[in-house]
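The structure appears below as structure tokens.
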Amino acid sequence: MTKFYKNILFSLIILFSFFFCVKDVYASNSINSIDMDVYIDSNGNAAITEVWKANLNQGTEGYRPYSKLGNSTISNFSVSDDTGRIYESLSFWNTSSSFSEKAYKSGIHNIYDGVELCFGISKYGSRTYTLKYNISNFVTQYTDTQGIYFNFVNFDQSIGHVTIKLHSDKPFSLDNSKIWAFGNNGKINFKDGSIFFDSKGFVSSSQYVVELVRFESNLFNTSSKSEQSFDDVYDSAFSDVKDDETKLSIGKLTLPKLVLLIIMIPIGLLLSPVGWVLIIVLILNLKGPKLFSGTSTIRGGLDFGSAGKVLPDYKETNYWREVPLGKDLEKAYWVSSQYNVVSERTLKEGIIGAILLKWIRSGYVTVTKTKKGLFSFKDNNYAIDFTKMTAADNDIENSLFKMLLTAAGSNKLLEAREFSKWSKKNYYKVNNWFSSINYKEEEYLEKEKLLTSTIQETTGFFGQKLNKTIYHVDPLLKEEAIKLVGLKKFLLDFSMMPERQYYEVHVWEDYLIFAQLLGIADKVSEQFSKLYPKFNEETLLNTDVNAMAAREMAHICYSGVQAGIDRANMYSGSSSSSGGGGSSFSSGGSSSGGSSGGGFR
């Protein structure tokens, strides 16, 4: 087959795929739009009003399933239609009833792990239905803050347009909330004191609308409690966001055909499908430079093989008494990050604090009071003294040292308040440093044969040749991740063990440093002071001063970085489909509960 005919075939595939994707818009039953209004009361319960606009010519009922509701329940369900008629509410809904039996009636049908809100179509044609219902415990109190993680729309048929408005008596804004949306190409923003989602058009049956909201303070008197932290929920939501939503490589685009495409597309819009095919074939077969030139090499991600990256349940993990990974902090950071040993925030705060503790133990830096008077953590009257330090032990630590030294200024005393301001202003530098840890460690892991790479040849847009580098992860690294979880469990439960071993002070120092990495240094420090009161006398890692200073400085740094990111988003929007402080991702968020289908049947 010649190149010309191959391109014709390729063009036809694109064309018919497009028609196939949009054909369900014109299906027998179609939903033109769904507009949701979600009012959240002071106790964190939601009163929801939905307006469905549809064109119907078959079926007997509309249905709205919800599942995995956890502590929440649905009540006070009612339906009315475009004629103003309020539907009779039945105590039992039979999905097998006839069209006439369901007409002008509504009810709740119990299903496995949830309920279906059902109502009779009642009359075919262009229809508008208004659904009202309450969801209790809509806002969850996590261990660190309050939030919402909910799937609002996940229908079995396509919807022309979706909007969702979340509001309460307390206005929502960047000052008290952070917002994300998943599963679609719409946008989520703050608007007039509310959180407003707009699908910006068509939502297919394979898409969904999940919203994740973090409240920066306890805005609601919710009775719904969770043993998880919001950071854990955040990590779960982002665990299946596709890498290519933040990283895009399109090769080398040459100017002549790019200009041609820009000129020809408007013309193509005026032509028939056949015209589109001819235009695409013409462009592909023109003599001269190709649309994409050369072969691009892109990163294809990590392959965890049959071992996967899901760790055993925490309760089933055995204690591990030794510090794994040769006590290498940066390698432990990489393993913890890839296998989700702890949340992202915990890990980022942890690595900074752990490195500071390492420097304190080595005598590189000391903790001192500021010029303002008494040594006080409450009033931030303390500083990290870098006057004796000239360099760190490796490239990653040395990069952190240079940043901290810059933040400290000419006196080389890094004060808490000035570090907070510096981190907020230079958030991108710290974020780049976090990324550099993973890049550097992957280089080291390749040298140790714990990461092996292969090249996969593939073809991109318009015949562009792509080489994907796939990194295969040795299962031994998963075993190290399990050991880290075992170490965390051992350190947390040490005081409850009937027989406790005696350890040399340097072992306790290693434990404290890795406890900081794993986000449990405060709990471990408390155990040390009770079980081994002489520990603070025998080490530079005084739990009342030095360990606390490292922990506080790490927290200040991360908080400053987040504040800097939020401030940048407020003025310019975040990097992925954002505006007004919110971000949307076409994947991710699939672990949430809520909508689990719906439409007309």
Side-chain angles (χ1 to χ4, degrees), residues 140-149 177-180 182 210 212-217 225-241 243 246 302 304 308-315 317 324-325 329-355 423 427 430-431 433-435 437-438 441 477-478 480-489 491-492 513-524 550-563 565-566 583 585 588-592:
T140 299
Q141 177 67 60
Y142 297 104
T143 58
D144 47 0
T145 189
Q146 294 180 345
I148 297 169
Y149 185 34
S177 310
K178 300 295 178 290
I179 53 178
W180 301 267
F182 303 91
V210 169
L212 177 64
V213 181
R214 175 190 175 104
F215 299 119
E216 294 304 305
S217 58
K225 311 291 182 184
S226 173
E227 296 181 355
Q228 285 185 296
S229 69
F230 185 88
D231 286 343
D232 292 334
V233 175
Y234 176 94
D235 289 344
S236 177
F238 276 89
S239 63
D240 52 355
V241 172
D243 291 339
T246 55
L302 298 172
F304 290 85
K309 60 187 297 186
V310 178
L311 301 181
D313 186 82
Y314 179 83
K315 295 179 181 178
T317 303
L325 295 159
L329 282 173
E330 289 77 26
K331 188 179 292 184
Y333 177 93
W334 187 91
V335 170
S336 298
S337 174
Q338 298 302 325
Y339 290 93
N340 301 314
V341 173
V342 293
S343 70
E344 179 186 11
R345 176 168 189 153
T346 296
L347 192 58
K348 287 182 175 179
E349 285 192 16
I351 187 64
I352 294 175
I355 291 174
S423 299
Y427 65 90
V430 185
N431 257 350
W433 179 75
F434 286 133
S435 299
I437 301 176
N438 285 327
E441 280 309 307
L477 291 172
K478 183 175 181 178
E480 295 298 315
I482 296 172
K483 291 177 184 177
L484 280 170
V485 177
L487 176 66
K488 177 182 177 180
K489 187 174 182 179
L491 293 175
L492 287 174
I513 290 172
F514 268 74
Q516 172 62 41
L517 178 71
L518 299 173
I520 57 172
D522 53 342
K523 298 179 178 66
V524 172
R551 192 162 63 246
E552 288 292 315
M553 280 293 190
H555 175 72
I556 286 169
C557 179
Y558 186 85
S559 299
V561 169
Q562 283 302 112
I565 292 173
D566 294 338
S583 299
F585 301 87
S590 58
S591 56
S592 65

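Counting all heavy atoms, side chain and backbone alike, L347 lies closest to S336 at CD1-CB, 3.6 Å. Across all non-hydrogen atoms, the minimal contact from G308 to K478 is O-CD, 3.6 Å. For A354 against Q516, the heavy-atom pair with the smallest separation is N-CG, 3.2 Å. Closest approach of A237 to S591, counting heavy atoms only: N-OG, 4.2 Å. Across all non-hydrogen atoms, the minimal contact from E349 to A554 is O-CB, 3.1 Å. Considering every non-hydrogen atom in both F230 and Q146, the closest pair reads CD1-O, 4.5 Å.
In this structure, CD in E552 is found 10.0 Å from CG in D522, a value given to the nearest 0.5 Å. Remark: Y142 OH to D232 CG distance equals 10.0 Å, nearest 0.5 Å. L212 contributes atom CG, which lies 10.0 Å from atom CZ of F585 (distance to the nearest 0.5 angstrom). Atom OG of residue S226 and atom OH of residue Y149 lie 12.5 Å apart, to the nearest 0.5 angstrom. We find the CD1-OG distance between I352 and S423 to be 7.5 Å, quoted to the nearest 0.5 Å. Expressed to the nearest 0.5 Å, how far OG1 of T140 lies from CD of Q228 amounts to 9.5 Å.
No side-chain donor-acceptor contact under 3.5 Å links K523 to the backbone of L492. Side-chain atoms of K348 never come within 3.5 Å of backbone atoms of Y558 as a donor-acceptor pair (strictly under, hydrogens ignored). Looking only at distances, no side-chain donor or acceptor of T143 sits under 3.5 Å from a matching main-chain atom of E227. Between the side chain of E480 and the main chain of L325, a donor-acceptor pair closer than 3.5 Å is present. Counting only distance, with no hydrogens or angles, the side chain of T317 and the backbone of D313 share a donor-acceptor pair below 3.5 Å. Here the side chain of Y333 pairs no donor or acceptor atom with the backbone of G350 at under 3.5 angstrom. Checking side-chain atoms of K489 against main-chain N and O of K315 turns up a donor-acceptor pair under 3.5 Å.
When side chains are defined from C-beta on, L477 does not count as touching Q338, because their heavy atoms never get closer than 4.5 Å. Looking at heavy atoms from C-beta onward, V524 lies out of side-chain contact with F514 at the 4.5 angstrom threshold.
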Chi angles and distances behind the side chain to side chain contact (heavy atoms under 4.5 Å, CB included) call for I351, L329: CA-CA 7 Å; I351 187 64; L329 282 173; 4.1 Å; yes
Step-by-step side chain to side chain contact (heavy atoms under 4.5 Å, CB included) determination, Y314 to V485: CA-CA 7 Å; Y314 179 83; V485 177; 3.7 Å; yes
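Among L311, I482, L517, the single residue meeting the side chain to side chain contact (heavy atoms under 4.5 Å, CB included) criterion with V341 is L311.
Residues F304 and Y339 bring their aromatic ring centres within 6.0 Å.
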